[in-house]
Amino acid sequence: MDASSQLPNGDVKQNGDGEPLSKKIKTEDIKGDEGKGKAPGLPPLTKDQQEAVTKAKKYAMEQSIKSVLVKQTIAHQQQQMTNLQIAAQRQRALALMCRIYVGSIYYELREDTLKQAFSPFGPIKNIDLSWDPLTMKHKGYAFIEYEIPEAAQLALEQMNGVMLGGRNIKVGRPSNMPQAQPIVEQLTEEAKHHNRIYVSSVHPDLSADDIKSVFEAFGKIKSCELAPDAVTGKHKGYGFLEYEKPQSAQDAIASMNLFDLGGQYLRVGKAVTPPKHALNPQLQISSPAGPGGLPPAAAVAAAAATAKITALEAVASTAAVVSGVQPGVSTISSTSQLLSQSMPGQPGLSIPAPGLVQLPQPVMASSAPGLITGVTPMKPAVTTTSSAGPANEEQRKKVEDDLPQTLGQQENLSISGSNARHMVMQKLLRKSESNVMILRNMVGIEDLDDELEGEVTDECGKYGQVNRVIIYQERQGEEENADVIVKIFVEFSESFEAERGVQALNGRWFGGRKVSAESYDQLKFDSQDLSG
């Protein structure tokens, strides 16, 4: 209390209401300051100071917007690079799907004979018939590349084992096909969503309407297109039809394959790739003016909104720390409300609390060698309960079947229950058994003939029952002069028979060659992986 508010005798000056005058004055001063929106005890900002604060806020917002724009640009560029990598992988897979291998070709046959035999399935881009410079004859095999994968698939299905030039030719996929198998399976799976069939060997004088009128007897057709030829102005002799129902497509394939239409036998099969416009809509990369595929104005507005939310979250987090509240818990609802107010066009938009939701990170091919695309899903943990009798045996088999087979699944293995843990240990301790024996350096490419398979079967039959013999020619590169090695796979009925054959044939001399025999991985053989 000030001395000026006291009387000489020590009493306090009072107003008419009996209230101390000093208290009255201080209370009015404080109320007056609060009514003007000023903090108690702080002097008002001058005009220059207010302009400086406004400029500082504007500069901070501009920098925040620039920072967000840069982040958006980087994210968009990374997404573009990922999309381009995926598109490149799909293009390589499509190119491999267009190629087939033709073996056991009679040495007198020429390229024009092969072209005549394989052209009914679709237009051929290239025939690579390997020639021997010493004998001036081809080596008995060739690679044929079609324009579309459906032509190669149809030729593979209908020409394998066909008699050509007095020999049963062998038609298969190139040795490097397994490298793109995941992409091929993905394309095939996408094609199943469309009831499309492939038709080739169409007479040049027939139109799409003619083909549609013939095939619509099996069901309603959604689309019918013949590939146009820019040179002749007609079509290239093949096209695609899409039915509304899958049964219609199956009936058309079964009935119309090798049907004589206009003097030419149609070749009809299932489409193995999706329509071009449906390959992957996300890969159709445009050239937007702003980052993230937005127009410049929208990009700047989005960046401004993001910067505003970032600033509000920073203020809210600071206030929470000062008040003793954990950040990211009590401030989420207010932040969500602010975002709804800032962007009224997005009702119900919510922001999850940091740390509460963890999104799975994508696995890139660069960080996982050998993985082309996709992430191997983790199987759920198997919970077991003890039981007796047949139920326990069924449960044991179920647990064993659910155990992961691939490396990616084994890395993410989750074990639940003592029985599951026991099965895992049993599988780890179990010796890998295989019914397959592989023979290397037994014959060369020049030694291949029609009797070789029977000779190998008779020889290996001494050690057990032979189920089948596969003679595999593996080219060591894409070059024309690349070496070709011959690997012979022999599948026995029992694993001990394969072991007996390995012990008897390994190191044995055959036709001046030292044979290498060893057991081959059963899982690889069952999955038709002969690259080991």
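Scope of the values below: all heavy atoms of this structure, side chains included, with no hydrogens, waters or symmetry mates.
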Has the side chain of Q522 got a donor or acceptor atom that lies under 3.5 Å from a matching backbone atom of E433?
-> no
How far apart are the closest heavy atoms of T273 and P149, and which atoms are they?
-> CG2-CG, 3.9 Å
Would you sort out whether E446 and K139 count as a salt bridge (charged side-chain N to carboxylate O under 4.0 Å, His left out), showing the intermediate values?
-> CA-CA 7 Å; E446 67 279 357; K139 298 180 180 180; over 6 Å; no
Using the ring of F240 (Phe, Tyr or Trp, six-membered ring only), decide whether R196 places NZ or CZ under 6.0 Å from its centre and within 45 degrees of its axis.
-> yes
Taking only residues two or more places apart in sequence, or in another chain, which ones meet F215 in a ring-ring contact (aromatic ring centres under 6.0 Å, His included)?
-> none
Which word best sums up how the rings of Y198 and Y238 line up, parallel for under 30°, tilted for 30 to 60°, or perpendicular for over 60°?
-> tilted
How long is the span from the CG atom in L129 to the CD1 atom in I105, to the nearest 0.5 Å?
-> 5.5 Å
Roughly how far, to the nearest 0.5 Å, is the CD1 atom of I253 from the OG atom of S248?
-> 11.0 Å
Stepwise, does the side-chain contact (heavy atoms from CB on, under 4.5 Å) test hold for L96 with V184?
-> CA-CA 9 Å; L96 287 175; V184 173; 5.9 Å; no
Please answer whether the main-chain N or O of Y106 pairs with a side-chain N or O of H138 as donor and acceptor at a distance below 3.5 Å.
-> yes
May I ask you to decide if E494's main-chain N or O and E497's side chain share a donor-acceptor pair within less than 3.5 Å?
-> yes
Hey, which of Q91, Q89, M97, R92 is the one that makes side chain to side chain contact (heavy atoms under 4.5 Å, CB included) with I183?
-> Q89
Identify whether the distance between the nearest side-chain nitrogen and carboxylate oxygen of R468 and E491 falls below 4.0 Å.
-> yes
Quick one: CD1 on I124 to SG on C98, what's the gap to the nearest 0.5 Å?
-> 12.0 Å
Is it true that the side chains of D260 and Q264 contain a donor and an acceptor less than 3.5 Å apart?
-> no
In a check of side chain to side chain donor-acceptor pair (under 3.5 Å) between Y101 and each of R475, Q473, R173, which one passes?
-> Q473
Interatomic distance, C224 atom SG to L241 atom CG [nearest 0.5 angstrom] | 4.0 Å
Please report the shortest heavy-atom distance between A517 and L439, naming the atom on each side.
-> CB-CD2, 3.5 Å
State whether the side chain of D447 and the backbone N or O of G444 hold a donor-acceptor pair below 3.5 Å, judged by distance alone.
-> yes
Reported CD1-to-CD distance for the pair I86 and Q186, which is rounded to 0.5 angstrom = 8.0 Å
Mark yes or no for whether N441, through its side chain, and K514, through its backbone, hold a donor-acceptor pair below 3.5 Å.
-> yes
Determine, step by step, whether I221 and E242 satisfy the side-chain contact (heavy atoms from CB on, under 4.5 Å) criterion, reporting the C-alpha distance in whole Å, the side-chain angles of both residues, the deciding distance to 0.1 Å, and the verdict.
-> CA-CA 6 Å; I221 296 176; E242 184 173 2; 5.9 Å; no
Please answer whether the main-chain N or O of M437 pairs with a side-chain N or O of S519 as donor and acceptor at a distance below 3.5 Å.
-> no
Which residues satisfy the side chain to side chain donor-acceptor pair (under 3.5 Å) test with N467, sequence neighbours excluded?
-> S493
Does Y265 OH have over 12 foreign heavy atoms under 6.0 Å away?
-> no
Is there a donor-acceptor contact under 3.5 Å from the side chain of R110 to the main chain of Y107?
-> yes
Are F218 and S255 close enough, and set up right, to give a side-chain contact (heavy atoms from CB on, under 4.5 Å), and what steps lead you there?
-> CA-CA 9 Å; F218 303 97; S255 301; 3.5 Å; yes
Just say parallel, tilted or perpendicular for the rings of F489 and F525, cut-offs at 30° and 60°.
-> tilted
Counting only N and O atoms by type, is there a donor-acceptor contact under 3.5 Å from the side chain of D210 to the main-chain atoms of S207?
-> yes
Take atom CD in E225; do more than 12 heavy atoms of anything else shown fall under 6.0 Å from it?
-> no
What are the two closest heavy atoms between M442 and R513, and how far apart are they?
-> O-CD, 3.4 Å
Among residues two or more places apart or on two chains, list those pairs meeting side-chain hydrogen bond (donor to acceptor under 3.5 Å, both in side chains) that have a residue in residues 155-169.
-> Q153-E157, Q158-N257, Q158-R267
Charged N-O contact under 4.0 Å between E518 and R440 | yes
Take atom CD of E244 as the centre, draw a 6.0 Å sphere, and report whether it contains more than 12 heavy atoms from other residues, nucleotides or ligands.
-> yes
When every non-hydrogen atom of V171 is compared with those of L156, the smallest separation belongs to O-CD1, 3.3 Å
Provide the closest heavy-atom pair for A151 versus F121 in the form atom of the first, atom of the second, distance.
-> CB-O, 3.1 Å
Are the side chain of T113 and the backbone of L109 linked by a donor-acceptor contact shorter than 3.5 Å?
-> no
P274 and L187 have their tightest heavy-atom pair at CD-O, 3.5 Å
Between the side chains of Q116 and D112, is a donor N or O closer than 3.5 angstrom to an acceptor N or O?
-> no
How long is the gap from CE on M159 to CD1 on I100, to the nearest 0.5 Å?
-> 8.0 Å
Please test Y141 against V102 for side-chain contact (heavy atoms from CB on, under 4.5 Å), starting from the C-alpha separation and ending with a verdict.
-> CA-CA 5 Å; Y141 67 93; V102 183; over 6 Å; no
Short question: side chain of D229, backbone of K236 - any donor-acceptor pair under 3.5 Å?
-> no
